[in-house]
Amino acid sequence: MNRLELPGVTWRRVSPRLVWVELAGGAGSLVVLLAAGVVMFLLQVWIAVVVLAVLALVSIVNLALTPRRVRSIGYQLRGDDLLFRRGIMWQRFVAVPYGRMQLVDINRGPIARGLGLSELKFVTAAAAAGVTIPGLTEAEAEELRDHLVSVAESRRAGL
Amino acid sequence: MTEPSTPATGPASVPASVPASGLVGVPKVVAHLTDGEWHRLHPATPLLKGGFALIVVLGYVASNLRERLLGLFLPRFDNGGDPVDYVVRNGIILQVLGVLALLLVVLIGGFFVSWRMHTFRITSEVVEVRSGVLFRTNRKAQLDRIQGINIVRPFIARLFGAAKLEISQAGHDANVQLSYLSSVAADELRREILRRASGTRVTEASTAGQSATGSAAVAQSAVAQSAVDQSAIAQSAIDQPAVAPTGTLLDRRITEFRAPELDPDAAPPESVVKIHLGRLFGSMFLGTGTVIAVLVIIGAAIWISVTGRLFVLVFALPSIIGFGGYYVRRFSKSLRYTIAGTPDGVRIGFGLLSTSNETLPPGRIHSIEVSQSLLWRPAGWWQIRVNRASQTSSRGSANQANTTILPVGNLADVTAVLKLILPEFVGEEASSFIESGMTSGGSDGFTNSPRRAIWLRPLSWRRNGFAIVPGSLLLRKGAIWRRLIIVPQPRLQSVGLHQGPLLRRLRLASIQLHTVHGPITANLGAVDQVAALAFFTEVAEVAVRSGYADTSHRWRSGELSA
């Protein structure tokens, strides 16, 4: 495969515990799909059953790939910008100069909080950039936030 | 609320009646408005904002009452059940009139108080507006964060010689509105605000106080030089409107009304683009809207001829009216379009009856798109749109004007406008880049998609490409709907690189340049994977570098030190 790879970048990976958070989310939707499938089966609406079965299959494959997908998430704090990547099938790389930072969010979902994980969102003036680093430990997230704020302050750029 | 004392303007030391001396160059009315004290808006403001509605309602009531009065003297015994009859029959005319008068007084009083409470001030750092009677609002805008200043003159306000000054800030609906000001003051005020925001000659404002007391404190050569420049410029600007005030009030209004939308400013007031009436008509009737309209009409015709029912006309008629309105609006907005460069940015004016005239300081345009639809190609017409950090929702249909910099123009017009809005990107080389970016394909400085991209871009793969030039990033695409997207490097927020399964099989990738939200999305698909990686790496570096070097928030701050 002709995978995209940036030369000379050593990625910092996120916590493997993120797998459980993602699995829980995926499993939840799978349960809903299966329940709907059973109902449709009992009502004998066969088209709906087929569609739901396909969806369930896709979500099972998705669940199976979760560990790899989590492993693919990475970031690197370079001298002047933050580099972020995610995805295996749909690979995505973003480079954001620190000076463009408008604010940093830290979010914790219920399951992630149970596992001691946080999600850090780096917001710029461009809505499309969407740099969200999930699966950071709480200490890591706070340290990263403070670091980003301080480097953004020293490299402040206009809009 | 804090009232910071501003030594730069010296609010206390400058009485409002200081005459503007030749050296200062700031007209009296503006020197007064920008002295850092609180000021009120144009006295006709309540009338322009809502008073007309009140007058119309009153007129309606009065005309109804006249009928009633006539009926009173010529009784026709039409005892309907409406309130006036009830009032007359029960003999409480006086009480009702009293209540009405009270209501009127309260309304007028309300308008008056709201006008009294609506104040603004302009210091060397901020523009601040206080308004509201019961619910007070206070909005403060940093001058160096200004995204543009727009002077809008609605038709009725123009008759009164009033204008609305809108100071756009980044963000959704984050504008500071000064409505209404006197028309002359609005122009002068804009120039003064821009001058203060530009970061240069901030010192000059302080000389207003000093020179008024007769001390020639401007000894530093650089300051003196710039002050002289400014005074020469401002003096010429004063001369121009000075023609008008000699006449009567009516004369002045007429002169103002007929004045070109580009007020005589420090800039060469020549518009670099002239849109002929024929071209305006042609461009509008060859637009996408027309295609849709024609399709709708054909669809309706087929429907009627097949089914024989005229029922569909019920739906067709409103949409035809809608289209008509759309055309009239677009047409009247594009009439008298002008664009010119000033030292404080690009000035764009348009409008026939209601006019609008906006100055965009340098570095406020986040991306530029030059596009040509299929129908425009035979005529060689292009349109230029931009992304800006300020979005105003309040303007509704007029929003088009906010992002369309050039409604229609040929290649020469496009080049002229691009030279204005991309001052760092000029010269022979730039022109050839612009031209090849707009029209041609092949190897001409752009890195194009490889041949295998034919699967995804069957028509445009020869043309689908990017270029990195000093100061800007260029993306061109589309063989049928041709587009050239230019992102000024200092405005780039971040850069992205994507690859899905299909692109990976073809060893391709897509690149994104993230800028503020707007009508333009700077994406380029189906680029060679290796080239895309190189582009990503280089642009990431360029984004950092240009971000540091950029001083456009104080766009003329370099002039003093130079």
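To find a chain, count down the sequence lines: A is the first, B the second, and so on, and within it residues start at 1. Since this is a predicted model, take the numbers as computed values, not measurements.
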Near [X] [atom1], under 6.0 Å, is it more than 12 heavy atoms from other residues, nucleotides or ligands?
| X | atom1 | answer |
| --- | --- | --- |
| Ile47(A) | CD1 | no |
| Trp461(B) | CH2 | yes |
| Glu143(A) | CD | no |
| Arg68(A) | CZ | no |
| Arg145(B) | CZ | no |

Looking at [X] and [Y], what are the two nearest heavy atoms and their distance?
| X | Y | value |
| --- | --- | --- |
| Pro97(A) | Ser494(B) | CD-CA, 4.4 Å |
| Leu492(B) | Arg100(A) | O-NE, 3.1 Å |
| Gln499(B) | Leu4(A) | OE1-CG, 3.3 Å |
| Arg504(B) | Gln91(A) | NH2-OE1, 3.5 Å |
| Val96(A) | Gln493(B) | CG1-O, 3.9 Å |

What part of Gln147(B) lies closer than 4.5 angstrom to a heavy atom of chain A: side chain, backbone, both or neither?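 Side chain of Gln147(B) only, per the 4.5 Å heavy-atom cut-off to chain A.
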
Top contributor to chain A contacts, counting heavy-atom pairs under 4.5 Å, from [options]:
| options | value |
| --- | --- |
| Leu497(B), Asn387(B), Leu503(B), Thr515(B) | Leu497(B) |
| Pro490(B), Gly518(B), Ser510(B), Ala532(B) | Pro490(B) |
| Ala543(B), Ala509(B), Pro501(B) | Pro501(B) |

Rounded to the nearest 0.5 Å, how far apart are CG of Leu502(B) and CH2 of Trp90(A)?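 So the gap between those two atoms works out to 10.0 Å.
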
Min side-chain heavy-atom separation Val544(B)-Arg78(A) under 4.5 Å: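 Heavy-atom side-chain distance check fails, nothing below 4.5 Å.
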
Does any non-hydrogen side-chain atom of Arg155(A) lie less than 4.5 Å from one of Tyr548(B)?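 The answer is yes, as the side chains (C-beta and beyond) meet within the 4.5 Å cut-off.
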
Which region of Leu83(A), side chain (C-beta onward) or backbone (N, CA, C, O), has a non-hydrogen atom less than 4.5 Å from a non-hydrogen atom of chain B, or is it both or neither?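 Side chain only.
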
